[in-house]
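As structure tokens, the structure follows; a few thoughts come after it.
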Amino acid sequence: MFTFVGVAIALLATLFAYFKWTYKYWERRNLQYLEPKIPYGNGTGPFKRTENAGFRFKRQYEELKSRGWKHGGLYSILNPIYLVADLDYIKNIMTKDFHYFTDRGIYYNEKNDPLSAHLFALGGPKWRHLRTKLSPTFTSGKMKQMFQTLVDCVPQLLQQIDKNVPVDIKEVLGCFTTDIIGSCAFGLECKTFEDENSPFREYGRKFFQVSNLKIAKFLFSGNFPNVARTLGVTITSKDVSDFFISVVEDTVKYREKHNLVRKDFMQLLIDLKNTEKEQMLTIEELAAQCFVFFIAGFETSSTTMTFALFELAKRPDLQQQVRDEIETVLAKHGNITYDAIQDLKFMDQVIDETLRMYPPVPVLTRKCVKDYKIPDQDVIIQKGTRVFIPVLGIHYDSDLYPNPSQFDPDRFSEEKKKSRHGYAHLPFGEGPRICIGMRFGLMQTKVGLTALLKNYKFSVNSKTQTPLKMKPNSFILAAEGDVWLNAQKV
Ligand code: HEM
């Protein structure tokens, strides 16, 4: 018994000493750091989350700035994290010196969880190859070709608003973007409005439901990716994975058998699969890319529309300004067309401001892939270090955006945009790893907002809990609970 207690104490003491030694890493590398706590460093454990991680990094950004630091060290369990506050440093990392930071440092496991090996997570030459091949999928020409598919989803959206007043706008818009992405990425009619338990909606929702176990897996695999791979840790649950892989297999088989060609993402991936000889895409790799378009594409745009409508519902004057612009532009173009959407300049400002206050991805990450010397500093970021860019912190920095909690689209007038640092607004990221679907995301957001604001006046219903709270356990910034709006026909 005494021996066991003795061994346990010795082990604990060794572990404690190891943590203490590790937590001197940044000191040894000559970088100021925020004091970590054993065992989670500067983070929180999976079971004590009371806020979205974006807010923690926002506070840490504010802490660095208040100390006059341009950057600083943090720890996630036993791993050093490099947190950047200076916008020029951020520009170097994301763009100028990108070749040192080509990877995102997100865990994936091709063998046990094939859907996790997608463009967002992949690094190195595999990412570069796919990115080059997939980029032509998102040109403005391709967006124009897909435009009608988006517009075709509008009548069901409007029907839903008519049927349900007050309306749970987050849910309705989630269905709208699921239908759009389902059609463009999988070439399928998801019919989520007709069947609220349609598998695309169900599995899409499930992917974003974050349990403590999922957070624990994420924390573990992010910090110890090699051990996690050896242990076969998976991020996508089996039913979600089975569903998406079988949908893709069936669709590819059907199209190839019937020589069916459609103007959608799926087709571009099939072409890639069939034309590439050397680095041919397997069906699983193809499914992973469809999956990421779906996952990255529906929730980001539906939350953006939700937050924009929520803010506009509180400001009838701004709401009317957007409506007036829609009327003028549609009178000129006759209908909701691709070109009409490009002319909605004030709506662009509203969306930019919404994405400033509610960036769906509140923290951006990179992984250093070769030792990098910070310009003008005696600090070297070692290969393998994860780099975090606190987007939410930057977006709420009152030096960049005075009175940051106020919704003010005027901040994004051409003149004001020019007067700010180019990296002060990062809702889509920047550099070669910028969101590949940005054009598509903006297009569906603008189509949805145009259709809704043209036809309805929105106000906040008393069932909505204000001020809005953000989900603590979510990878993206999303409202906790429903967002209920009153909709009155114009
Ligand atoms: C409002 C809508 C959207 C927002 C705010 C958004 C935001 C982002 C952000 C912040 C990143 C990381 C960029 C970086 O690290 O520099 C990203 C990457 C990505 N997004 Fe989006 N996104 C949106 C819509 C979409 C859509 C519609 C799609 C696909 C159809 C998409 C697919 C992707 C993919 C595949 C990546 C990974 C790109 C790479 O690593 O090469 N996103 N997105």
Side-chain angles (χ1 to χ4, degrees), residues 54 84 90-91 93-95 98 101-106 108 115-135 137-139 142-143 146 149-150 173 176-178 180-186 204 264-266 268-269 288-308 348 350-367 386-392 394-395 423 425-449 475-478:
V84 205
I90 292 178
K91 182 176 175 179
I93 288 167
M94 300 186 95
T95 306
F98 173 74
F101 301 97
T102 52
D103 293 8
R104 207 184 288 287
I106 301 248
Y108 62 92
L115 287 193
S116 68
H118 47 61
L119 193 68
F120 194 86
L122 287 171
K126 256 203 159 155
W127 164 76
R128 191 176 293 282
H129 173 75
L130 259 183
R131 175 89 193 197
T132 312
K133 293 291 170 190
L134 294 179
S135 291
T137 315
F138 293 91
T139 57
K142 294 280 170 18
M143 295 301 108
M146 287 184 211
T149 313
L150 271 71
L173 290 169
F176 175 59
T177 52
T178 300
I180 292 177
I181 294 276
S183 178
C184 293
F186 293 91
D264 57 16
F265 297 141
M266 169 73 87
L268 290 147
L269 288 164
Q289 312 322 313
C290 285
F291 180 64
V292 78
F293 290 166
F294 179 71
I295 289 305
F298 86 89
E299 184 89 346
T300 45
S301 300
S302 69
T303 54
T304 304
M305 281 186 263
T306 300
F307 289 129
D348 281 333
V350 165
I351 295 171
D352 280 344
E353 176 65 345
T354 305
L355 288 169
R356 177 191 70 81
M357 289 180 72
Y358 307 99
V361 186
V363 191
L364 293 168
T365 62
R366 294 288 185 269
K367 187 170 152 192
R386 284 193 293 164
V387 179
F388 281 38
I389 296 157
V391 175
L392 195 67
I394 297 167
H395 285 189
Y423 283 64
H425 188 238
L426 295 170
F428 293 98
E430 258 301 347
R433 282 207 89 139
I434 195 171
C435 173
I436 198 170
M438 178 168 81
R439 278 203 184 99
F440 189 87
L442 287 173
M443 182 168 79
Q444 62 177 347
T445 301
K446 287 178 88 174
V447 167
L449 289 180
F475 298 126
I476 73 162
L477 202 64

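Every number for a ligand or one of its atoms is a count from 1 in the order of the listing.
- The single protein non-hydrogen atom nearest to atom 37 (C) of ligand 1 is F120 CD1, 3.4 Å, given as residue, atom name and distance.
- Within the 4.5 Å cutoff, no side-chain heavy atoms of R131 are placed close to those of P432.
- Checking I476, T304, I181, L173 one by one against E299, the side-chain contact (heavy atoms from CB on, under 4.5 Å) holds for a single residue, I476.
- For K142, the NZ atom is densely surrounded, since the number of other residues' heavy atoms within 6.0 Å is greater than 12.
- Comparing heavy-atom distances from atom 39 (C) of ligand 1 across M438, E299, R104 singles out R104 as nearest.
- Using 4.0 Å as the threshold, R366 has a heavy atom nearer than that to some atom of ligand 1.
- Within ligand 1, the atoms closer than 4.0 Å to a non-hydrogen atom of T304 are 1 (C), numbered from 1 in the order shown.
- Atoms of ligand 1 lying under 4.0 Å from any heavy atom of V361, numbered from 1 in the order shown and given with element: 9 (C), 10 (C).
- Closest to atom 28 (C) of ligand 1, if we only count protein heavy atoms, is G437 CA, 3.7 Å.
- Counting atoms of ligand 1 from 1 in the listed order, those under 4.0 Å from a heavy atom of P360 are 5 (C).
- Protein heavy atom nearest atom 26 (C) of ligand 1, with residue, atom name and distance: G297 CA, 3.5 Å.
- Residue Q289 places every heavy atom at 4.0 Å or more from ligand 1.
- Proximity of the aromatic rings of F294 and F265 is defined here by a centroid distance below 6.0 angstrom, and this criterion is not met.
- Considering only heavy atoms from C-beta on, S183 stays 4.5 Å or farther from D264 through its side chain.
- With a heavy-atom cut-off of 4.0 Å, H118 does not touch ligand 1 at all.
- With atom 10 (C) of ligand 1 as the reference point, the heavy atom nearest to it among A296, C435, P427 is part of P427.
- If you check which protein heavy atom lies closest to atom 23 (C) of ligand 1, you get T300 OG1, 3.5 Å.
- Looking at R131 against ligand 1, only its side chain comes within 4.0 Å, counting heavy atoms.
- Set against the non-hydrogen atoms of G441, the atoms of ligand 1 under 4.0 Å away are 27 (C).
- In this structure, the side chains of R433 and L364 stay at 4.5 Å or more apart for every pair of heavy atoms.
- Between Y108 and W127, the gap from one ring centroid to the other reaches at least 6.0 Å.
- Within the structure, the closest approach of F298 to ligand 1 does not fall below 4.0 Å when heavy atoms are considered.
- A cation-pi arrangement is present between R104 and F120 under the rule of less than 6.0 angstrom and at most 45 degrees off the ring axis.
- The OG1 atom of T137 sits 7.0 Å away from atom CE of M146, with the distance rounded to the nearest 0.5 Å.
- Ligand-side atoms of ligand 1 in range of G429: 10 (C), 13 (C), 14 (C), 16 (O), range being under 4.0 angstrom from any heavy atom.
- The shortest separation from a heavy atom of T445 to ligand 1 is not under 4.0 Å, leaving the residue out of contact.
- Contact atoms of ligand 1 toward E430: 16 (O) (distance under 4.0 Å to a heavy atom of the residue).
- Of all atoms in ligand 1, listed by their number and element, those nearer than 4.0 Å to a heavy atom of M94 are 16 (O).
- Ranked by closest heavy atom to atom 4 (C) of ligand 1, the top entry among F428, F440, W127 is F428.
- Residues T365 and R386 fail the side-chain proximity criterion, which asks for heavy atoms closer than 4.5 Å.
- Looking at I394 and I90, their side chains come closer than 4.5 Å, going by heavy atoms from C-beta outward.
- Among all protein heavy atoms, the one lying closest to atom 35 (C) of ligand 1 is I436 CG2, 3.5 Å.
- Nearest protein neighbour of atom 13 (C) of ligand 1, counting heavy atoms only, is R433 O, 3.3 Å.
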| request: Evaluate the criterion side chain to side chain donor-acceptor pair (under 3.5 Å) for residue pair T95 and Y423; output intermediate values, then yes/no. | output: CA-CA 10 Å; T95 306; Y423 283 64; 2.5 Å; yes

